[in-house]
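What follows is one structure encoded as structure tokens, with my remarks underneath.
Note that the structure is a prediction, hence the values are computed from the model and not measured. A, B, ... follow the sequence lines: proteins, then strands. Residue 1 opens every chain.
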Amino acid sequence: MTPPRDYFEEVYDVVRLVPKGRVTTYGAIARYLSLRAGARMVGWAMNASHGKDVPAHRVINSVGVLSGKHFFGSPSVMQQLLEDEGVEVVDDRVVNFKTLLWDPSDELAL
DNA sequence: ACAGTGACCATAA
DNA sequence: CTTATGGCCACTG
């Protein structure tokens, strides 16, 4: 198949679908979109998400750590955004991460 | 074309 | 918990 479109857009689309108060992971998005690129490119896509309407603060790594908090202009912004949505964050990690995890392959696959 | 780097992931020790 | 290794692909110099 031809290049499906910019996979960036695919990633953004999924991220926008993440419900408020929930979080998802790079790996989950990569698996859902079957990106051969792997989770790394999802992060790369997020890097370009600046200026777009993409809640990148809901996208974290597989252990629930706010790996990209440093890229929000200020390290405290990402945590603030999450807590503002009802997500508890302690020591740069999401509390009840597994419970708050919104995996498209699991939630949308129905 | 090659090497280094990266908002990652999984496994191993 | 940390450190190491392999994979995966895109961007930069």
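Rounded to whole Å, atom P of C:dG7 lies 21 Å from atom CH2 of A:Trp44. In this structure, the CZ atom of A:Arg93 is 10 Å from the C1' atom of C:dC1, given to the nearest Å. Protein atom CD1 of A:Ile29 is 16 Å distant from nucleotide atom C1' of C:dC9, rounded to whole Å. The separation between A:Leu82 atom CG and B:dA7 atom P is 18 Å, rounded to whole Å. Per the geometry, CG belonging to A:Leu33 stands 14 Å off P belonging to C:dA10, to the nearest Å.
Contact annotation for A:His57: no contact, since no heavy-atom pair falls under 4.0 Å across all strands. When heavy atoms are screened at a 4.0 angstrom cut-off, A:Ala56 is found touching base atoms of the nucleic acid.
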Anything under 3.5 Å between a donor and an acceptor, one on a side chain of residues 68-84 of chain A, the other on a protein residue two or more places apart or in another chain? List them.
residue: A:Lys69; atom: NZ; partner: A:Asp92; partner atom: OD1; Å: 3.1
residue: A:Lys69; atom: NZ; partner: A:Asp92; partner atom: OD2; Å: 2.6
residue: A:Gln79; atom: NE2; partner: A:Val89; partner atom: O; Å: 3.4
residue: A:Glu83; atom: OE2; partner: A:Val89; partner atom: N; Å: 3.4

Got a list of side-chain donor-acceptor pairs under 3.5 Å for residues 11-19 of chain A, not counting sequence neighbours?
residue: A:Tyr12; atom: OH; partner: A:Ala45; partner atom: O; Å: 2.9
residue: A:Tyr12; atom: OH; partner: A:Ala48; partner atom: O; Å: 3.4
residue: A:Tyr12; atom: OH; partner: A:Ser49; partner atom: N; Å: 3.4
residue: A:Arg16; atom: NE; partner: A:Asp53; partner atom: O; Å: 3.2

Side chains of residues 96-110 of chain A: which donor-acceptor pairs under 3.5 Å do they make with residues two or more places apart or in other chains?
residue: A:Asp103; atom: OD1; partner: A:Ser105; partner atom: N; Å: 2.9
residue: A:Asp103; atom: OD2; partner: A:Arg31; partner atom: NH2; Å: 3.4

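Residues A:Ile29 and A:Val23 do not share a hydrophobic cluster, defined by chaining ILVMFWY side chains whose heavy atoms lie under 4.5 Å apart. The cluster map of Ile, Leu, Val, Met, Phe, Trp and Tyr, joined by side-chain heavy atoms under 4.5 Å apart, puts A:Val65 and A:Met46 in different clusters. By the rule that hydrophobic residues join a cluster once side-chain heavy atoms approach within less than 4.5 Å of another member, A:Met41 and A:Phe8 end up as members of one cluster.
Contact annotation: the side chain of A:Leu33 never approaches that of A:Tyr7 to less than 4.5 Å [non-hydrogen atoms, C-beta and beyond].
Nearest to the side-chain atoms of A:Arg36 among the listed nucleotides C:dC11, B:dA7, C:dC9 stands C:dC9. Of the candidates C:dA10, C:dC1, B:dA7, C:dA10 carries the atom nearest the A:Tyr7 side chain, counting heavy atoms from C-beta on.
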Each nucleotide in nucleotides 8-13 of chain B should get exactly one letter: B, S or -. Can you fill that in based on protein heavy atoms under 4.0 Å?
BSS---
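For A:Ala39, the side chain to side chain contact (heavy atoms under 4.5 Å, CB included) partners are A:Tyr26, not counting sequence neighbours.
Using a 4.0 Å cut-off on heavy atoms, none of the residues of residues 17-24 of chain A approach DNA chain B.
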